[in-house]
Amino acid sequence: MFTRVLIANRGEIAVRITRALREMGIASVAVYSEADRGARHVATADEAVLIGEADASASYLNVDRIIAAAHRTRADAIHPGYGFLAENPSFARRVADEGMVFIGPPPEAMLKLGNKTTARRLMRDSGVPVTPGMDATEIDMEKLAAHADRLGYPVVIKAAMGGGGKGMRVVADPGDLRDAAGRAASEAHAAFCDASIYLEKYLDRPRHVELQILADSYGNVVHLFERDCSIQRRHQKIIEETPSPALDEDLRRRMGAAAVAVARAAGYVNAGTVEFLLTESGEFYFLEVNARLQVEHPITEMVTGIDLVRCQLEIAAGEKLAFNQEDLTSRGHAIECRIYAEDPTRGFMPSPGRVALALSPDGPGVRYDSGIWTGSDVPVHYDPILSKLIVLAEDRERARVRMIRALQDCVVLGVRTPIEFLIAVLGSQPFIAGQTHTRFIEQHLSEWCPDEEAERFALIGHMLDRRDQGTGLPGAHSAAPGGDPHSPWQSLGDWDIVHAR
Amino acid sequence: MSERLRIGERMHERSVSSGSGEGALRVDIDGRSYDVEVCSSGGGRHCVLIDGKLATLFTARSPEGTWVWWKGHSRLVADAEREARRAGPRSAAGTSAGVSPATPAVVTAIMVKTGDNVAEGQTLVVVTAMKMETCLVAQLAGRVRAINTVVGAKVRPGEILVEIDRCDIVPS
């Protein structure tokens, strides 16, 4: 097993990986940018190395600097987390060339799967159904438009190297194609350093169902059941659950077999996720493989009792899977809610800033994977995910009400979060009925607005706060809108931690 | 004394007086009264009875105002009068306009230069926040008077990136 692992990531996932390393007796090395000096992932690791400026290209996406940090700290392996360099085959190859182990799939498998158009061809050749769409990327607008006409609108523009909804645009009107393609390509370039895009037919209201897989270096491949990630906004998942309300044993078995076939076709090793779209009539289509640990991996850990990050480390260290398919069972029902810094009242616009207060929910069946503390900065440069709230209960309904209870206890102040909105989704009749699909939010919650009673409570809270602070004119320190670190209002934040928890 | 407070776009009037009984307060909000009895309060945590119903509120301050948490709901309460004083006099409405980002962001492209004529809805600046690109567009047709930013700049809401003077007749 490894002695020291560098985590080439930030935020909640870096904290999550550090926890697994600590439990395994492996030293952890964090890397950080200048924007993340005070970040939680830096403080929780055994060592931390400053690798560059705030811009991700100078830090979390900078291969040379990450490799140098790994050598400097004598790390013998690198865990990429998700996003950033996680699915970059040249990074994986470089890590190996430098004499270290990349904790993830082999670069050859990544190359086959990371490019979505290549992956679509491979899957079709292996007998796995794919959605109608293009098999190659296209930069010529005329040709792109011709493809769109052939597929029939609506179409969806996707980044070939994409993920997390970035570089993705749904186009219903042919007149919007050029503009949307330009934005998508630009976003794709910013996020993945690759602007290639292609088109797929946009399926109306499918479910997004994905299968977790684990594969070792000895040809053993298992799946750890499904996750239903249908509740999305801006093509990004916000609520995930397992088991899926839409799967029966037969469909689960068939999708599981397809997922294992996908992994074998690609020569996949380590943890990965095979995503499918599932139509109302029960047909499923291969969407893509996420060749890495997923944001929503904890719900699978909750129902299977298996630590996926530990499995990743064991597989990367050359160990055999300790179980086969028959050993695996799913027990109970798990739900995850993603807590982003974003404003649900303004189209989920990002809301960077400083976390003025953060308190973790607790109680039976509750897990909170957080990358923030009170006083944490949420920089404008990176993904807006703050934390993930995960619950486990005996069945779906009990998990649902447990999640609502836990969200009510999950305090995040200082930046906007969708917590109130998530409670509304979980309390909605179609969610209770399990009728989830990828356009759920626009269909059922477009009319949502925040609770008015909460405004009156807030005005009472504001009054109580002022009485407490004595002098209390909030806003009196407004001369420092950029957040002067020496301002007494920043130390007030720290003072809050001690007393509130 | 009545105060004007702002939550999001909404203005509220609030006044506080002592209520009946020890530690009891009467809080009037937008013409409705609430009996508030403080059980414990300090360190940003407030345990209160509001019209006899127990509630726990968390508060924390930021440069923009006071954040309040109640059972999954968070609100930013700002002092409206203070904000109005700070904003100062504005140029006459309708004759000029500036574009400003809705959230803190980084400027990725500036699509116009000083002196350019622009149409309403034309993209002036592209900004990115947390990897999401947004186009800031002209609110009115006119001429670009000033560009107050550069590509790569970190910008904040309220900061005017491009100023436009209204001019309906666009010279050829």
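To find a chain, count down the sequence lines: A is the first, B the second, and so on, and within it residues start at 1.
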Does a sphere of radius 6.0 Å around CG in Asp179(A) hold more than 12 heavy atoms from other residues, nucleotides or ligands, not counting ones at 6.0 Å or beyond? no
Arg61(B) and Asp465(A): which non-hydrogen atoms are nearest, and at how many Å? NE-OD2, 2.7 Å
Only pairs of heavy atoms separated by less than 4.5 Å count here; which of Glu342(A), Arg416(A), Glu187(A) has the most with chain B? Arg416(A)
Nearest atoms (heavy-atom pairs only) where Pro352(A) meets Thr103(B): CD-CB, 4.3 Å
Could you please spell out the steps behind the side-chain contact (heavy atoms from CB on, under 4.5 Å) verdict for Glu452(A) and Arg10(B)? CA-CA 11 Å; Glu452(A) 281 188 31; Arg10(B) 303 232 301 235; 3.3 Å; yes
Looking at side-chain heavy atoms only, is the closest gap between Leu459(A) and Val27(B) below 4.5 Å? no
Gap separating the NE2 atom of His462(A) from the CG atom of Leu76(B), nearest 0.5 angstrom: 9.0 Å
Best-contacting candidate, Asp451(A), Asp383(A), Val411(A), against chain B by heavy atom pairs under 4.5 angstrom: Val411(A)
Does some side-chain heavy atom of His381(A) sit less than 4.5 Å from a side-chain heavy atom of Met130(B)? no
Is Glu133(B) close to Ser186(A) at the side-chain level, that is, under 4.5 Å between some pair of heavy atoms? yes
Can you see which heavy atom on Val48(B) is nearest to which on Leu464(A), and at what distance? CG1-CD1, 3.5 Å
Taking all non-hydrogen atoms of both residues into account, name the closest pair between Leu413(A) and Ser74(B) and its distance. CD2-CB, 3.6 Å
Quick check for you: to the nearest 0.5 Å, what is the distance between Arg467(A) atom CZ and Ser41(B) atom OG? 7.5 Å
Please determine whether side-chain hydrogen bond (donor to acceptor under 3.5 Å, both in side chains) holds for the pair His12(B) and Arg456(A), giving the CA-CA distance in whole Å, both sets of side-chain angles, and the decisive distance to 0.1 Å. CA-CA 9 Å; His12(B) 298 276; Arg456(A) 296 189 280 273; over 6 Å; no
Test Phe457(A) against His73(B) for side-chain contact (heavy atoms from CB on, under 4.5 Å), laying out the working first. CA-CA 9 Å; Phe457(A) 278 73; His73(B) 308 279; over 6 Å; no
Please state whether the side chain, the backbone, both or neither of Ala55(B) comes within less than 4.5 Å of a heavy atom of chain A. side chain
Let me know if Ala341(A) has heavy atoms under 4.5 Å from chain B in its side chain, its backbone, both or neither. both
With respect to chain A, which residue among Thr56(B), Val16(B), Leu25(B) yields the maximal number of heavy-atom pairs within a distance under 4.5 Å? Leu25(B)
Looking only at Ala191(A), Ala190(A), Cys410(A), the option with the highest number of non-hydrogen pairs under 4.5 Å against chain B is Cys410(A)
Any side-chain to backbone donor/acceptor pair from Asp468(A) onto Gly42(B)? Under 3.5 Å, distance only. yes
Less than 4.5 Å apart, side chain to side chain, heavy atoms only: is that true for Trp70(B) and Glu453(A)? yes
What part of Pro450(A) lies closer than 4.5 angstrom to a heavy atom of chain B: side chain, backbone, both or neither? both
Are any of the side-chain heavy atoms of Arg75(B) and Glu420(A) separated by less than 4.5 Å? yes
Closer than 4.0 angstrom, basic N to acidic O: yes or no for Glu3(B) and Arg466(A)? yes
CD1 on Ile460(A) to OH on Tyr34(B), rounded to 0.5 Å: 6.5 Å
Taking the side chain as C-beta and beyond, is there a heavy-atom pair between Lys154(B) and Val380(A) under 4.5 Å? yes
Considering only heavy atoms from C-beta outward, does the side chain of Cys135(B) approach that of Arg183(A) to under 4.5 Å? yes
Hey, are the side chains of Trp67(B) and Val415(A) touching, using non-hydrogen atoms and a 4.5 Å cut-off? no
If you measure from the Lys or Arg side-chain nitrogens to the Asp or Glu carboxylate oxygens, is any gap between Glu9(B) and Arg346(A) under 4.0 Å? no
Rounded to the nearest 0.5 Å, how far apart are CE of Met463(A) and OG1 of Thr66(B)? 12.5 Å
Which atom names give the shortest non-hydrogen contact between Ala129(B) and Pro350(A), and what distance separates them? O-CG, 3.6 Å
